[in-house]
Visitor: 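Below is the structure I would like to discuss, written out as structure tokens.
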Amino acid sequence: MSVHILAVDTETTGLDAYHGNSPFIVTFASNQEDQQDIWSWRVNPLTREVKVPKLEAKEVIRKIEKADILVFQNAKFDIRMIDNLPVKCNWDWSKIHDISISAHLLGSAQNKDLTTQALRWINTNLDPYEKAVKEATDKARRICRTKLFKEEKGEWDIAKDDHPKLPSGGGWKADMWLLEEIAIRAPEFLPEWRDPSTFQVWDPKRDDPKDHPWFSIAEYYALPDSDATLLIFQEHQRRLESLGLLKIYEKRRELLRLVSKIESTGVIVNRFRRDELVDAYVPEVEKCIKRCIGLSEGRLDKVPIQGVSNALRDTVFDHFGLESPKKTPTGNPSLDKEVLDHFLLELRPNSAAHVFIKSLKDFRKRMTAINYMKGYEKFWLPYDEENGDFILHPSLNMTGTTTLRWSSSNPNEQNISKQEGFNLRYAFGPPKEHFWASIDYENLELRIPAYESGEEELIALFERSNDPPFYGSNHLLNFSTIYPDLWDPLLEKYGPENVASEVKKRYKSTWYQRCKNGGFAIQYGSVITENKVSTADKAFGRIGAHQTLKDKFAQLDKLNQSCIEMAQKTGFVHTIPDKEVDPEKGYPLECKRTRWGKVKPTIPLNYHVQGTACWVIMIAMLMVDDYLKTINRKRKGKSQFAIVMQIHDELVIQGPLIDGYEDILKEVSKIMSSVGSRIGIPLRVGCDVHLNNWASGKELSI
DNA sequence: TTCGGTAGCGCC
DNA sequence: AAAGGGCGCTACCGAA
């Protein structure tokens, strides 16, 4: 018998599997059955709970377990949802395929949603189905809000953005089940409907609700999705094979199980430490609001948390007569933090405008922190009440970016502030009797192009990272190059051993900070043009700085040029090939063209480096997970070592505080740096151990 | 009421 | 024509 391929798709009562949302429709498409298979279950409108008969769940699970190949669009979502059925499924991850992984591999810059893919790969337009069911659902929600409640049928629990079971938001899809429930429980509210073929009008008094489209429209919408998924999968496999990309695809597929595991392990956040932070910000925020509103002389009645409201624009630009030196992307006067800093330097201290701007800046900074923490509270679930520990299950998307970076959402675990005075990592940390360890690659995105291009001075810098005067710091090397007038006197006075710390001490928030910004601008692709000061020069505060560094690091520039040339010619750059996966081929990253048909020159090297860096962390995660599994096997039934977060070049490991845990971390660090040999780039990692919270820790020497 | 665009800001 | 890359979240605002 040939291979049985089964595509699976679910419709659910919301996106938040960990907050009790469940599938109410499961559809299958198979390469061996003529008919598609659909399962649909009733939803209790008062509780949003799905009633799945155990026997039916059993049959669904058996069908899944019997297939040779299981195909999903975003597998871990459906899998996690199916896990909420009353019968447990024994997932064999080696059978699971995901068309978002192949879609990314075939065109990393394209949208990976099913509708876009169906259009591109199988020339099918799914839009009309979606439009029809959306329109109906919107109408159904209106009926619930306006009519149903008045008829005392109990308050139907329709989706709202602040619904506790729907922290990701209550979009219309979370209420698709309403259609059938209205048809069954409250058919008198079904809207008028005319059969387009017979022109007969459906009459609630005369006709069977089962003949009204709302009775079955959700299923009708769901069916084409699994069908499309199956066909897209088959098309993708053909393409991958002919392009020789199957080896990379198979490696990427290994991540599915791991990503799912990381999400389910979750991240601990502590209520008490969170409260400490919020309690410190709230009174200061109130003071700032009072000052701003007072000084606006009636123009403001509230201070916008972000963005520029009309009232704020009026106050700053008209009332105070300030002029922004910077424009937003759409050409409006910007009022971001950089502009606020600029105003503060210009204005007379203690003048009304100065106090206003300062208060606005302080307000925004604190509100950002408070809002982040509100977000965490919205998503968290009880974990260890006594210690105040809660758990988050951020969603990780390994195909969410145009490069190989992962994205994280609901909530985003990758943008938790670590700024002085606003270090929200303080609220995060290990549960009782556990440790966290942050292990990050040192200068990962600088090492890659430096070694690849053979840039001797940079290589020397990284090889001798314990040596004065730079101690492996690219920023300090740049500093000595761009600001010799500041560097040389300090070098003379304090000697090569101490000049670095002296520079950082004296110029921490001024020239050293600008130097760092300039360095990042170059790293992220700043371009030198004839008649404009480059972004890097602006950041460095020295005209010509960018050119100086470009001349000094000519090999890097050559690599940049070759990436640009490749991208202009083919529309793709590739990551450095992984010797263990496919020594011939790296991961192709699509560089979108502008509407004038060219790739922006800022993009190719960036994608190449960022993509390679993320390939490295991806392999590291697989290897670290394998290693931790061997440790965990010896600890059956006890708490486990696990990867809990990935922040692009950093992994956070959690584990029990047992004897020898530091040796385990040393081994993890060793594994992580060993990945470099697969791409020919020597890598180093640093490791910080956190026993109480993520903000404070001590370095582990490795 | 819902939605998309804009702005600002956190991370690497 | 313009050139600092990649994300997600929230608030504001005007249009449908």
Side-chain angles (χ1 to χ4, degrees), chain A residues 108-109 134 138 141-142 145-146 160-161 168-172 302-313 327-340 360-361 364-365 367-372 374-376 378-379 394-395 397 400-419 422-425 440-441 443-445 517-529 531-532 534-539 546 564 589 591 594-611 613-614 617 645-650:
Chain A
S108 52
K134 178 186 180 321
D138 279 344
R141 299 219 281 190
R142 265 198 305 277
R145 267 192 297 265
T146 56
K160 284 173 289 200
D161 278 345
S168 300
W172 65 270
K302 64 175 191 168
V303 189
I305 293 164
Q306 255 151 41
V308 189
S309 67
N310 295 337
L312 182 62
R313 189 175 295 127
K327 295 234 185 300
T328 67
T330 50
N332 296 322
S334 166
L335 206 52
D336 67 10
K337 60 182 172 190
E338 205 188 329
V339 174
L340 296 188
L360 176 63
K361 197 184 155 207
R364 278 186 184 170
K365 184 94 189 150
M367 276 317 286
T368 303
I370 290 171
N371 270 339
Y372 271 49
K374 259 203 239 157
Y376 305 137
K378 188 167 84 165
F379 282 98
S395 169
N397 185 350
T401 74
T402 313
T403 68
L404 284 175
R405 280 207 174 170
W406 295 12
S407 63
S408 157
S409 59
N410 301 327
N412 186 349
E413 72 184 22
Q414 293 176 325
N415 68 347
I416 301 167
S417 173
K418 53 191 263 190
Q419 289 174 39
F422 298 87
N423 196 336
L424 305 195
R425 295 188 174 196
D440 66 332
Y441 284 103
N443 288 322
L444 180 56
E445 293 196 1
N517 296 346
F520 285 127
I522 291 177
Q523 188 182 333
Y524 292 140
S526 174
V527 166
I528 298 176
T529 48
N531 38 24
K532 264 187 86 178
S534 87
T535 311
D537 279 357
K538 275 187 211 157
H546 192 168
I564 292 173
L589 294 169
C591 304
T594 64
R595 60 191 148 115
W596 295 277
K598 282 196 152 187
V599 173
K600 274 207 307 183
T602 49
I603 283 188
L605 179 61
N606 223 309
Y607 282 19
H608 170 70
V609 171
Q610 195 180 102
C614 291
I617 195 96
M645 278 190 277
Q646 185 249 56
I647 305 103
H648 310 305
D649 64 355
E650 170 185 0

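Sequence lines set the chain letters: A, B, ... in the order given, protein chains first and strands last, and positions in each chain run from 1.
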Visitor: With a cut-off of less than 4.0 Å, is there a side-chain N or O of A:T602 near OP1 or OP2 of C:dG5?
Guide: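 Yes.
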Visitor: Considering just the side-chain nitrogens and oxygens of A:N310, establish if one lies under 4.0 Å of OP1 or OP2 belonging to C:dG14.
Guide: yes
Visitor: Less than 4.5 Å apart, any side-chain heavy atom of A:L360 and any of A:V303?
Guide: yes
Visitor: The test is side chain to side chain donor-acceptor pair (under 3.5 Å); show your working for A:Q646 and A:E413 and say whether it passes.
Guide: CA-CA 8 Å; A:Q646 185 249 56; A:E413 72 184 22; over 6 Å; no
Visitor: Quick check on C:dC9: is either OP1 or OP2 less than 4.0 Å from any side-chain nitrogen or oxygen of A:N410?
Guide: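 True: A:N410 side-chain N/O within range (under 4.0 Å) of C:dC9 OP1/OP2.
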Visitor: Ignoring hydrogens and angles, tell me if any N or O in the side chain of A:D537 forms a donor-acceptor pair with the backbone of A:H546 under 3.5 Å.
Guide: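 Here the side-chain-to-backbone pair exists.
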Visitor: Just to confirm, is there a sub-4.0 Å distance from OP1 or OP2 of B:dA7 to any side-chain nitrogen or oxygen of A:N332?
Guide: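 Checking B:dA7 against A:N332, a side-chain N or O does come within under 4.0 Å of OP1 or OP2.
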Visitor: Within the 4.0 Å heavy-atom criterion, would you say A:R141 contacts the bases, only the backbone, or no part of the nucleic acid?
Guide: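 Here A:R141 touches the backbone only, sparing every base.
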Visitor: Give the rounded distance in Å between these two atoms: CG of A:L340 and P of B:dA7.
Guide: 15 Å
Visitor: Within the pair A:T330 and B:dA7, is there a side-chain N or O less than 4.0 Å away from OP1 or OP2?
Guide: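 Affirmative; the distance criterion is met.
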Visitor: What's A:D440 touching, base or sugar-phosphate or nothing? Going by heavy atoms closer than 4.0 Å.
Guide: nothing
Visitor: Starting at CD1 of A:I370 and ending at C1' of C:dC9, how long is that distance when rounded to a whole Å?
Guide: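 The distance from CD1 of A:I370 to C1' of C:dC9 comes to 16 Å, rounded to the nearest Å.
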Visitor: Among C:dA3, C:dG8, C:dG6, find the nucleotide with the atom closest to the side chain of A:Y607.
Guide: C:dG6
Visitor: Are A:K134 and A:D138 within salt-bridge range, i.e. N to O under 4.0 Å?
Guide: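 Yes, this pair counts.
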Visitor: Does the base of B:dC12 carry an N or O that pairs as donor and acceptor with the side chain of A:R405 under 3.5 Å?
Guide: yes
Visitor: State whether A:S334 places a side-chain N or O below 4.0 Å from either non-bridging phosphate oxygen (OP1 or OP2) of B:dG8.
Guide: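 Looking at the OP1 and OP2 atoms of B:dG8, one of them is under 4.0 Å from a side-chain N or O of A:S334.
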Visitor: Applying a 4.0 Å non-hydrogen cut-off, can you work out what A:T529 is touching in the nucleic acid: base, sugar-phosphate, or nothing?
Guide: base
Visitor: Can you tell me the distance, in whole Å, between the CZ atom of A:R313 and the P atom of C:dC12?
Guide: 13 Å
Visitor: Less than 4.0 angstrom from a charged side-chain N to a carboxylate O is my criterion; do A:E338 and A:K538 meet it?
Guide: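 Salt bridge absent between A:E338 and A:K538.
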Visitor: Rounded off to whole Å, could you give me the CD1-to-P distance for the A:I305 and B:dC9 pair?
Guide: 13 Å
Visitor: Rounded to whole Å, please give me the gap between CD in A:E445 and C1' in C:dC7.
Guide: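 It is 13 Å, rounded to the nearest whole Å.
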Visitor: Whether A:K598 contacts C:dA2 is assessed here as follows: a side-chain N or O lying under 4.0 Å from the phosphate OP1 or OP2. Is that the case?
Guide: no
Visitor: At 4.0 Å (heavy atoms only), tell me whether A:K134 reaches a base, stays on the sugar-phosphate, or touches nothing.
Guide: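 Result for A:K134 = sugar-phosphate.
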Visitor: Taking atom P in both B:dA7 and C:dA3, what distance in whole Å separates the two?
Guide: 15 Å
Visitor: Starting at CG of A:D138 and ending at P of B:dC3, how long is that distance when rounded to a whole Å?
Guide: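 A:D138 atom CG is separated from B:dC3 atom P by 6 Å.
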Visitor: With a 4.0 Å cutoff (strictly under), does any side-chain N or O of A:K418 reach OP1 or OP2 of B:dC12?
Guide: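 So the side-chain polar atoms of A:K418 do come within 4.0 Å of the phosphate oxygens OP1 or OP2 of B:dC12, strictly under.
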Visitor: What's A:R364 touching, base or sugar-phosphate or nothing? Going by heavy atoms closer than 4.0 Å.
Guide: sugar-phosphate
Visitor: Please state whether the base of B:dG8 and the side chain of A:D336 form at least one donor-acceptor pair under 3.5 Å?
Guide: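 Side chain to base: no pair below 3.5 Å.
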Visitor: For the pair made of CG in A:N371 and P in C:dC9, what is the distance, rounded to whole Å?
Guide: 13 Å
Visitor: Can you tell me if the side-chain N/O atoms of A:K532 get under 4.0 Å from OP1 or OP2 in C:dA3?
Guide: yes
Visitor: Quick one: is B:dG10 close enough that its OP1 or OP2 comes under 4.0 Å of any side-chain N or O from A:K337?
Guide: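 Result: yes.
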Visitor: Taking side chain as C-beta onward, heavy atoms only, is A:H648 less than 4.5 Å from A:I617?
Guide: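 Counting from C-beta outward, A:H648 and A:I617 never come under 4.5 Å.
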Visitor: Tell me what A:S408 touches on the nucleic acid: a base, only sugar-phosphate, or nothing, going by heavy atoms under 4.0 Å.
Guide: sugar-phosphate
Visitor: Would you indicate which nucleotide in C:dA3, C:dC12, B:dA7 comes nearest to any side-chain atom of A:V527?
Guide: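 The closest nucleotide is C:dA3.
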Visitor: Do the side-chain N or O atoms of A:K600 get closer than 4.0 angstrom to the phosphate oxygens (OP1, OP2) of C:dG5?
Guide: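 Yes.
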Visitor: Looking at A:Q414, I'd like to know whether one of its side-chain N or O atoms comes within less than 4.0 Å of OP1 or OP2 on C:dC9.
Guide: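 Checking C:dC9 against A:Q414, no side-chain N or O comes under 4.0 Å of OP1 or OP2.
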Visitor: Does the side chain of A:T328 get closer than 4.0 angstrom to OP1 or OP2 of B:dT6 through an N or O atom?
Guide: no
Visitor: Out of A:T402, A:N606, A:L404, which one pairs with A:L589 under the side-chain contact (heavy atoms from CB on, under 4.5 Å) rule?
Guide: A:L404
Visitor: Could you tell me whether A:Y372 contacts a base, only the sugar-phosphate backbone, or nothing, with contacts defined as non-hydrogen atoms closer than 4.0 Å?
Guide: base
Visitor: Heavy-atom distance under 4.5 Å between the side chains of A:N410 and A:F379, does that happen here?
Guide: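 Yes; the side chains approach each other to less than 4.5 Å.
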Visitor: Scan A:Q419 against the nucleic acid and name what it touches under 4.0 Å (heavy atoms): base, sugar-phosphate only, or nothing.
Guide: sugar-phosphate
Visitor: Quick one: label A:K327 by what it contacts on the DNA or RNA (base, sugar-phosphate, nothing), any heavy atom closer than 4.0 Å.
Guide: nothing
Visitor: So A:L424, base contact, sugar-phosphate only, or nothing? Heavy-atom distance under 4.0 Å.
Guide: nothing
Visitor: Rounded to whole angstrom units, what separation is found between the CG atom of A:L444 and the P atom of B:dC11?
Guide: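 Computing the A:L444:CG to B:dC11:P distance gives 19 Å.
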